[in-house]
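Quick notes on the structure that follows.
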2 protein chains.
Amino acid sequence: MRLTANKIAGILRQHGYRLTPQRHAVLKAIASSQDCVNPAEICTRVRQEYPTIGMATIYRSIKMLADLSLVCRVNPDSRSRNYLMRRSMSHHHHLVCSQCGRTIDFTHCDLSQLEKRLTRETGFIIEGHILEIYGRCPECCAASPVPNPR
Amino acid sequence: MRLTANKIAGILRQHGYRLTPQRHAVLKAIASSQDCVNPAEICTRVRQEYPTIGMATIYRSIKMLADLSLVCRVNPDSRSRNYLMRRSMSHHHHLVCSQCGRTIDFTHCDLSQLEKRLTRETGFIIEGHILEIYGRCPECCAASPVPNPR
DNA sequence: GTGTAAATGATATTAATTCTCAGTTAGGGT
DNA sequence: ACCCTAACTGAGAATTAATATCATTTACAC
């Protein structure tokens, strides 16, 4: 299932949220970015079209979108939180460029064999997994042969 | 390769670090825990044997241990950082109980096929991956059949 | 032992996020 | 089209996590 602006508006209303112009602007700011963005970056973008928005509203909007699973949190090691609009509602993971932050979705992580093995060996009931693969995108490889790790 | 206290002391010295009693206490606090611990928890434990230690020293010790790859960062979604003493120096991942925090190491994540496919399809040069599997350990399953997600 | 670079602890600072609360507003009901 | 009210917002304060500063102390090579 692919997400469109209309669908998102519907999802908000279904869950009893109001579709305010602020929320719409935050949504647009995240959706219009190919790479993951943190709250400060979202703020900068949103203020171009909605200069009076406060940080609290940005954070609250992000939280709402995260609660509805409309955004993913990416790059959990970094200091501030990075979010990415979900491009698909199905199970997927991210391939993240460690230099420019560009992300690509991928499916078929194929961990079910591994999870079965772990259940057998440890008795854990598996609930889920975090998987993120990082590397350098073709553009960054072409731009500088010597990587500049962040 | 398994890590022992002696080996760790040697690793510190090899890298030009001094083995101070504070560092030793931090090391012990992390190593003596089966589950992952955050800086505040480490502080509480360390102060039982070394009451005058300051938070700055805790953070510096953790950073040193992380730089030497002697501790792993676990559960990246939580607000504060959680660390776990490395029980093995080889490539491995963690199976974490979402209820009690107990962790089990596992190897053979077998992502090389996936990574090859992604390189072929996207042109990314893969540098590494984050993988963490979570579930409920046998003890927690036995204790309460209805999970209590955190 | 001595000297010195490294380490410590107290404190200040920075940065990210959350809280509070008075005023505003989306959107259902009329 | 206009109310009404619960939901929402923005400003600023508060909280929390982590890092920086700096005078004092200490591990350890000599």
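The sequence lines fix the lettering, A, B, ..., with proteins before strands; numbering per chain opens at 1. Values reported hereafter were calculated over all heavy atoms of this structure, with side chains retained and with hydrogens, waters and symmetry mates removed.
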Does [X] have a side-chain nitrogen or oxygen under 4.0 Å from the phosphate oxygens OP1 or OP2 of [N]?
| X | N | result |
| --- | --- | --- |
| B:Tyr59 | D:dA18 | yes |
| B:Gln22 | D:dA27 | no |
| B:Thr20 | C:dT8 | yes |
| B:Arg81 | D:dA18 | yes |
| A:Arg79 | C:dA16 | no |

Next item on the list: On DNA chain D, check which nucleotide each of B:Lys63 and B:Leu19 is closest to and give me the residue with the more 5' one.
Entry: B:Lys63
Notebook entry, point to check: Looking at DNA chain C, which of residues 40-58 of chain A put a heavy atom within less than 4.0 Å of it?
Noted result: A:Ala56
Figure out the [atom1]/[atom2] separation between [X] and [N], and round it to whole Å.
| X | N | atom1 | atom2 | answer |
| --- | --- | --- | --- | --- |
| A:Gln14 | C:dG27 | CD | P | 14 Å |
| B:His24 | C:dA7 | NE2 | P | 16 Å |
| A:Arg60 | D:dG12 | CZ | C1' | 12 Å |
| A:Asp67 | C:dT18 | CG | P | 11 Å |
| B:Leu12 | D:dT26 | CG | P | 19 Å |
| A:Leu27 | D:dC8 | CG | C1' | 16 Å |

Checklist line | Closest to side chain of B:Pro39, choosing from D:dA18, D:dA27, C:dT17 | finding: D:dA18
Check: Are A:His93 and B:His129 near enough that their ring centres are under 6.0 Å apart?
Finding: no
Notebook entry, point to check: Listed by chain and number, what are the salt bridge (charged side-chain N to carboxylate O under 4.0 Å, His left out) partners of A:Asp105, not counting sequence neighbours?
Noted result: A:Arg87
Please list each protein N or O that sits under 3.5 Å from an N or O in nucleotides 3-6 of chain C, with the distance.
unit_1: C:dA5; atom_1: N3; unit_2: B:Arg18; atom_2: NH2; d: 2.9
unit_1: C:dA6; atom_1: O4'; unit_2: B:Arg18; atom_2: NH2; d: 3.3
unit_1: C:dA6; atom_1: N3; unit_2: B:Arg18; atom_2: NH1; d: 3.3

Next item on the list: Calculate, to the nearest 0.5 Å, the distance between atoms CG and CG belonging to A:Leu65 and A:Leu12 respectively.
Entry: 7.0 Å
Next item on the list: Please round to the nearest 0.5 Å and tell me the distance separating atom CG of A:Asp110 and atom CZ of B:Arg117.
Entry: 8.0 Å
Notebook entry, point to check: Between B:Arg23 (side chain) and B:Arg18 (backbone), is there a donor-acceptor pair under 3.5 Å?
Noted result: yes
Item checked: B:Asp35 side-chain N/O to B:Ser33 backbone N/O, donor-acceptor pair under 3.5 Å -> no
Note to self: Please identify which of these residues, A:Asn38, A:Ile58, A:Val37, meets the side-chain contact (heavy atoms from CB on, under 4.5 Å) condition with A:Cys43.
What the structure shows: A:Ile58
Next item on the list: Answer with yes or no whether A:Arg13 presents, from its side chain, a donor or acceptor under 3.5 Å of a partner atom in the base of C:dG28.
Entry: no
Check: Does atom NE2 of B:His108 have more than 12 heavy-atom neighbours, drawn from other residues, nucleotides or ligands, at distances under 6.0 Å?
Finding: no
Next item on the list: Assess whether side-chain contact (heavy atoms from CB on, under 4.5 Å) is satisfied between A:Ile126 and B:Leu95, documenting all intermediate values.
Entry: CA-CA 9 Å; A:Ile126 309 296; B:Leu95 173 59; 3.8 Å; yes
